[in-house]
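What follows is a short report on a single structure.
Letters A, B, ... are given to chains in the order of the sequence lines, protein chains preceding strands, and every chain is numbered from 1. Just so it is clear, the structure is predicted and the values come from calculations on it, not from any experiment. What you see below is based on every heavy atom in this structure, not just the backbone, and it leaves out hydrogens, waters and symmetry mates.
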Amino acid sequence: MSTISLILPDGSTLEVPRGTTGLQVAESIGSRLAKAALAVRLDGRIQDLERPLEESGEFAVYTFSDAEGQEVYRHSAAHVMAAAVLRLFREARPTIGPAIPDGFYYDFEMPRPFTEEDLERIEAEMHKLVKADLPFVRREVSVAEAREIFADNPYKLELIEELEAEGETVLSVYEMGEFTDLCRGPHVPSTGRIKAYKLTSMAAAYWRGDENRQSLQRLYGTAYPDPQALQEHLDRLEQARLRDHRKLGRELGLFTFFEQAGAGLPYYLPNGAMLRQTVCDFALQQHLRRGYQLLRTPHLIRSDIWETSGHAQQNYPMYYTDIEGQSYGIKPMNCPGHILIYNSQTHSYRDLPVRYFELGTVYRHERSGVLHGLLRVRGFTQDDAHIFCTPEQLTSELIGVLNFARDMLRTFGFSEFEVDLSTRPEKSMGSDENWEHATEALAAALQEAGLEYHVDEGEGAFYGPKIDIKLKDAIGRLHQGPTIQCDLNMPDRFDVNYVGEDGKEHRAVMIHRVVLAGIERFLGLLIEHYAGAFPIWLAPVQVRVLPITERALEYGRQVRDGLLQAGLRAELDDSQGTLSAKIRDAELLRLPYMLIVGDREAESGQVAVRHREEGDLGPQPLEDFLARLRDEAQPPRG
RNA sequence: GCCCAGGUAGCUCAGUCGGUAGAGCGUGUCCUUGGUAAGGACAAGGUCACCGGUUCAAUCCCGGUCCUGGGCUCCA
């Protein structure tokens, strides 16, 4: 019998007889590993544990701690779910069912949508399948055989056709009990391996994500190796639900929407308007400090501009109106306005770079189905800037922008990022040379700024390459943050120039960039990031004065006025009720400080300080508290 | 936009198999004058999203509109 040699991840080599299964190898390494093993990888190909190994190569065992292991595990769970569905609904036609981050789904063609009760029945049926510990059996079939097996399933037939077109001649199917599915695999050895799972939701989805094709019923679920891990995941979902900005927006009096006023158009309540203003003021100060000039441009511009810019031709989803027979568009972007201002005078190379900044409010026609609280709205304000510079200045300007973006986000409590550099897409304009220069400048700036990044080939805008920075929030979710784009199109369309040292006109280079991006969106992220407990410099109400009795009300008013005079955001709780109730109210609103005043304080001119997290800090003179807050309430220095 | 599920008091929700509705919290008034996360009593508060239809009668059934929510890349 011949042997093969396996190179293990630690570099060691293992000689095993040809035909040994991955599971046997795992057992030889250790029984714990064998127990946790879900699949193996041989020379880059991931395969079933029980499949004989036929060749030498690099070998690794996947467990649930690997992304690949999770995928196999959850993909198998998806099969179990599909089998359960087919047992209960003979009319269901399975389509595809992959693993996704945190779970899995399976799409079915169904005569009717699933219901909540169905979910329970399906889960119960899954329990039976798991208990029966049915093996997943891999079988290789020819294309013709596959066609026969799935003759009554047009979706599978379509997949088979595509696979054939891609040159596949041998396809694999997995059998598990009476359920057979076209599947690349691999799978766990048997259904009993799926220890903890839960169906989480159902939804409609289009076949292949194409809204012109058949609408399918999708079931979402998740699976973990033990009930505790599953519960932790469900708890995380609950945590996310508790900090949902829509819920907190209501509870903390931040913003609201009105059905009668239109979808996707937020109204800021006093606390939300204050929060927003604090963020905007800070953003403006930071821009001015870095040499940006403040602009302000109208919301309406004649439609011709959008034709020059190309937005009209691209059918950019914007709103148009008519004024005395002349067509106007509500701006979906601020750039044309900034370009008009730049072009309103001749610029010398000595003036460059010109950095124009505007908290520019734009409106875009988002499709009704995608609106989502503050995170996706139809009217929003961007911290938008356009930098006009010479090609030589491009890299240093980009470095400046990257450092600026990072500093600013850190100030708001975001410290982890993922960065994507998107390069030239197929449909694009501009010369190869310009694209190359711009893309290199972006990459050089990223390196200079010390940011690790991932290249998204072909994902750039049609007019230029871009950098997207995603930020990680307090519970590990990634959100779209700053975007920095080189524009190789607008300068040509609008003839954006500067006079060079040689006295001749040269084409300027243009950078579009946002840091907070949509302020609405950013506020939504901030609310969720802090779960409503804003740092004091952001808190809409920084201090609330709580009089213990009505006798102390007048003193409380004086204290509140003193706080307001000192520039703090303060209010007085003049409700009737016990101190405990007042404290509870303030705690639920996550107010940073409470100043409790009763007879003792009124007599001595003191305040009893209570901090949101630290609790009772004891009495102190009001002056001392004011002095303390003078520093503490300032934005952190970035 | 499309599919599905929803819209009942300020908020969270119950309810009516067609006979115009309830709770808790919140709000108001009164009692209580309190010392660090809910003191008590009473009261007010609803065109049951909007418009039409069916019906003796519609919050409930039917149709439309508006709004909200979950989805709509992840490839067998």
Side-chain angles (χ1 to χ4, degrees), chain A residues 71 75 78-79 82 94-101 103-107 110 112-116 141 146 149-150 153 155-164 166 168 171-174 180-185 200-220 244 246-247 250-251 253 256-265 317 365-373 546-553 575-589 594-601 608-612 614-619:
Chain A
E71 196 176 325
H75 185 194
H79 271 238
T95 66
I96 60 168
I100 52 175
F104 60 86
Y105 68 78
Y106 210 111
D107 287 345
M110 283 284 290
R112 65 162 176 87
F114 291 109
T115 65
E116 290 286 343
V141 298
I149 298 171
F150 299 102
N153 188 322
Y155 305 97
K156 298 287 180 190
L157 290 176
E158 183 176 326
L159 295 172
I160 293 166
E161 193 141 322
E162 279 180 17
L163 290 165
E164 187 181 27
E166 283 164 23
E168 302 284 338
L171 305 180
S172 60
V173 298
Y174 278 79
T180 300
D181 203 0
L182 181 70
C183 183
R184 182 182 51 185
T200 49
S201 63
M202 59 232 166
Y206 299 100
W207 172 235
R208 319 227 93 179
D210 182 343
E211 62 191 62
N212 298 313
R213 306 200 64 181
Q214 179 72 37
S215 179
L216 306 170
Q217 293 301 312
R218 173 171 299 180
L219 290 176
Y220 282 95
D244 188 310
R246 293 166 298 185
K247 177 178 143 70
R250 213 175 18 248
E251 290 173 357
T256 190
F257 292 87
F258 294 103
E259 177 181 343
Q260 66 272 33
L265 301 167
H365 182 197
E366 301 289 353
R367 304 202 296 174
S368 58
V370 304
L371 300 175
H372 181 91
L546 314 184
I548 297 175
T549 68
E550 272 170 37
R551 287 194 304 279
L553 198 53
S575 67
Q576 62 165 16
T578 59
L579 177 61
S580 287
K582 290 175 186 178
I583 289 173
R584 180 166 195 271
D585 289 344
E587 289 281 356
L588 289 176
L589 292 171
M594 285 158 254
L595 294 186
I596 292 154
V597 295
D599 296 335
R600 296 204 295 263
E601 287 75 16
V609 181
R610 183 187 164 100
H611 184 265
R612 167 172 70 187
E614 294 162 38
D616 190 356
L617 301 180

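When the nucleotides B:G35, B:U33, B:G71 are ranked by their closest atom to the side chain of A:Arg218, B:G71 comes out on top. The side chain of A:Glu259 sits closest to B:C66 out of B:G1, B:G34, B:C66. Of the candidates B:A76, B:C3, B:G35, the closest approach to any side-chain atom of A:Ala204 belongs to B:C3. With B:A38, B:G35, B:A76 as the choices, the nucleotide that has an atom nearest any side-chain atom of A:Ile596 turns out to be B:G35. Which of B:G35, B:G70, B:A76 sits closest to the side chain of A:Lys156 comes down to B:A76. Counting only heavy atoms from C-beta on, A:Gln576 has its side chain closest to B:G40 among B:G71, B:A76, B:G40. Side-chain atoms of A:Arg610 lie closest to B:U36 of the nucleotides B:U36, B:G39, B:C3. Out of B:G35, B:G39, B:A76, the shortest distance to the side chain of A:Asp599 is found at B:G35. Residue A:Ala263 has its side chain nearest to B:U68 when only B:U68, B:C3, B:U33 are considered. Counting only heavy atoms from C-beta on, A:Leu163 has its side chain closest to B:A76 among B:A38, B:A76, B:G1.
Look at B:A43: its Watson-Crick or wobble partner, with both distances under 3.5 angstrom, is B:U27. In a base pair of the Watson-Crick type (N1 to N3 plus N6-O4 or O6-N4) or a G-U wobble (N1-O2 and O6-N3), with each distance short of 3.5 Å, B:G22 is matched with B:C13. Across the strands present, B:A58 finds no partner; the criterion is a Watson-Crick or G-U wobble pair with both atom distances under 3.5 angstrom. In this entry B:U73 has no Watson-Crick or G-U wobble partner, no candidate having both defining distances under 3.5 Å. In this entry B:C50 has B:G64 as its Watson-Crick or G-U wobble partner, both defining distances falling under 3.5 Å. B:A38: no Watson-Crick or G-U partner with both key distances under 3.5 Å is found in any strand.
The shortest distance between the side-chain N/O atoms of A:Arg246 and the OP1/OP2 oxygens of B:G70 is below 4.0 Å. Close to B:U73, at under 4.0 Å from its OP1 or OP2, lies no side-chain N or O of A:Tyr105. Residue A:Arg250 places no side-chain N or O under 4.0 Å from the OP1 or OP2 atom of B:G10.
No side-chain donor-acceptor contact under 3.5 Å links A:Ser201 to the backbone of A:Tyr220. Side chain of A:Asp244 to backbone of A:Arg246: a donor-acceptor contact under 3.5 angstrom is found. At distances below 3.5 Å, not a single donor-acceptor pair connects side-chain atoms of A:Glu162 with backbone N or O atoms of A:Leu159. Without hydrogens or angle criteria, A:Thr95 side chain to A:Asp107 main chain gives a donor-acceptor distance under 3.5 Å.
For the side-chain contact (heavy atoms from CB on, under 4.5 Å) with A:Leu617, the qualifying choice from A:Arg610, A:Met594, A:His611 is A:His611, the only one to do so.
Nucleotides B:C13 and B:G18 have their P atoms positioned 25 Å apart, rounded to a whole Å. Distance noted for atom P between B:C62 and B:U73: 32 Å (whole Å). As rounded to the nearest Å, B:A43 and B:C2 have P atoms that lie 49 Å from one another. B:C50 and B:G7 have their C1' atoms separated by 11 Å, given to the nearest Å. With C1' as the reference atom, B:U20 and B:U8 are 12 Å apart, rounded to whole Å. Across B:A23 and B:A5, the matching P atoms stand 31 Å from one another, rounded to whole Å. With both ends at atom P, the span from B:G24 to B:A44 equals 14 Å, rounded to whole Å. The same atom, P, is picked in B:C42 and in B:C51; the two are 37 Å apart, to the nearest Å.
The nearest heavy atom of RNA chain B to A:Ser215 and to A:Tyr106 marks one nucleotide each, and the one closer to the 5' end goes with A:Ser215. Of the residues near RNA chain B, A:Thr578 and A:Leu159, the one whose nearest nucleotide (by heavy atom distance) lies more toward the 5' end is A:Thr578.
Whole-Å rounding puts the A:Phe257 CZ to B:C66 P distance at 18 Å. Between the P atom of B:C75 and the CD atom of A:Glu161 lies a distance of 21 Å, rounded to the nearest Å. Between A:Phe258 atom CZ and B:G7 atom C1' the separation is 17 Å, expressed in whole Å. Put simply, CG on A:Leu588 is 15 Å from P on B:U12, counting in whole angstrom units. Rounded to an integer number of Å, the gap from CG of A:Asp107 to C1' of B:C3 is 12 Å. Regarding A:Ile100, its CD1 atom lies at a distance of 8 Å from the C1' atom of B:C74, rounded to whole Å.
Salt-bridge annotation for A:Arg184 and A:Glu168: absent, with no side-chain N of the basic residue lying under 4.0 Å from a carboxylate O of the acidic one.
A:Arg184 contributes no side-chain N or O that forms a donor-acceptor pair with the base of B:C75 under 3.5 Å. Taking 3.5 Å as the limit, the base of B:U33 and the side chain of A:Arg551 contain no donor-acceptor pair of atoms between them.
Using modelled atom types, one finds no donor on one side chain facing an acceptor on the other under 3.5 Å when comparing A:Arg208 with A:Tyr206.
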